[in-house]
Amino acid sequence: MEFKFTWIIVQLLVAFQVSSTFGFEHVIPRGLNNKPTRVIGGVTVIDTLLVRAAQAFARENSEAYLYNHVMRTWLFGALIISHNTTLQHSVDLEVHAIGSILHDLGLVLNATWISHDLRFEVDSSNRATQFVEETAKHHGTSSAWDANRLQLLYDAILLSSEPKFSLYKQATVKQAFGDAYVPGYTPVGRFVDIFNPKTPSS
């Protein structure tokens, strides 16, 4: 077990070196990430009304194991971003948080948004984007969620299990859900969660 975790860390370090050489660089607008923060499980994370609403929605609609997984995924991602200056200037933290928290909505059994013919990532992307549009409108923050940010959220969720494509997208998509991508490997953040599920999630 210790060897597996060490190997994951090695992959993660390699990912930091190679990820910036793929795709294109994307710098987020100045001040976009200047939002309140809070600490969960020892990790400092962004704290907005939408993030809290996404967390409540995931908790309400997910089994405990699934909710704990998405929360750990968010925390792993936030931890990785906080220790990488390049990612701090290129990842939209609110999109990252909401995408992480809502990325497995397509696995919620018997949910009304589950389709019969689409992959769960598509169902997750569709419902998460709809959730953000509805909630932002309710909170009067729709102007902060233009088509580009909504597309970023959609892509981050949709491509979360397809690292061979995510490598060529914005850093927010590449870094989706605590996943530092290495060609030929599974997303590291999720991999860490699978092999070390005792990490605090709330």
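Side-chain atoms are counted along with the backbone in the values below, which use heavy atoms only and exclude waters and symmetry mates.
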Subject >> H69/H103 under side chain to side chain contact (heavy atoms under 4.5 Å, CB included): CA gap, chis, key distance, verdict >> reply: CA-CA 10 Å; H69 161 68; H103 82 270; 3.4 Å; yes

Original post:
With T48, which residues qualify under side-chain hydrogen bond (donor to acceptor under 3.5 Å, both in side chains), at least two apart?
Top reply: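 Applying side-chain hydrogen bond (donor to acceptor under 3.5 Å, both in side chains) to T48 gives E94.
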
Subject >> Counterpart residues, salt bridge (charged side-chain N to carboxylate O under 4.0 Å, His left out), relative to E133 (two or more places apart) >> reply: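 If we apply the salt bridge (charged side-chain N to carboxylate O under 4.0 Å, His left out) test to E133, skipping adjacent residues, there are no hits.
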
**OP:** Give, for atom CD1 of I81 and atom OG1 of T86, the distance between the pair rounded to the nearest 0.5 Å.
**Re:**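 Going from CD1 on I81 over to OG1 on T86, the span is 12.0 Å.
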
Original post:
Between OG of S142 and CG of L150, what distance do you get to the nearest 0.5 Å?
Top reply: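 Nearest 0.5 Å value for the OG-CG distance: 9.0 Å.
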
**OP:** Given side chain to side chain contact (heavy atoms under 4.5 Å, CB included), test W145 with V95 step by step and report yes or no.
**Re:** CA-CA 10 Å; W145 284 87; V95 170; 3.7 Å; yes

Subject >> L105 vs D123, side chain to side chain contact (heavy atoms under 4.5 Å, CB included): CA-CA, chis, key distance, verdict >> reply: CA-CA 7 Å; L105 288 178; D123 289 332; over 6 Å; no

Would a single hydrophobic cluster contain both [Y] and [X], if residues Ile, Leu, Val, Met, Phe, Trp and Tyr are joined by side-chain heavy-atom contacts under 4.5 Å?
{"X": "L109", "Y": "I114", "answer": "no"}
{"X": "V39", "Y": "I101", "answer": "no"}
{"X": "L49", "Y": "V132", "answer": "no"}

Original post:
Out of V43, V45, L102, which residue meets the side-chain contact (heavy atoms from CB on, under 4.5 Å) rule with W74?
Top reply: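 Of all the options given, the one that passes is V45.
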
**OP:** Check whether any side-chain heavy atom of L32 sits under 4.5 Å from a side-chain heavy atom of R149, and report yes or no.
**Re:**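 They are in contact (side-chain heavy atoms under 4.5 Å apart), so the answer is yes.
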
**OP:** Hey, could you give me each pair passing ring-ring contact (aromatic ring centres under 6.0 Å, His included) that has a residue in residues 120-140? Not counting sequence neighbours.
**Re:**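 Residue pairs with at least one partner in residues 120-140: F57-F131.
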
**OP:** Dump the intermediate steps for salt bridge (charged side-chain N to carboxylate O under 4.0 Å, His left out) on D47 and K35, then the final yes or no.
**Re:** CA-CA 7 Å; D47 185 25; K35 294 184 170 67; over 6 Å; no

**OP:** Indicate yes or no for a side-chain donor-acceptor contact from D104 to the backbone of L107 under 3.5 Å, with no hydrogens or angles considered.
**Re:**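 Absent.
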
Subject >> Side-chain (T135) to main-chain (L50) donor-acceptor, under 3.5 angstrom >> reply: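 No; zero donor-acceptor contacts below 3.5 Å.
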
**OP:** State, to 0.1 Å, how close G106 and S124 come at their nearest heavy-atom pair, and which atoms those are.
**Re:**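 Smallest interatomic distance, heavy atoms only, reads N-OG, 2.6 Å.
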
Original post:
Is there a donor in the side chain of Q130 and an acceptor in the side chain of R127, or the other way round, less than 3.5 Å apart?
Top reply: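 On atom types as modelled, these side chains qualify, holding a pair under 3.5 Å.
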
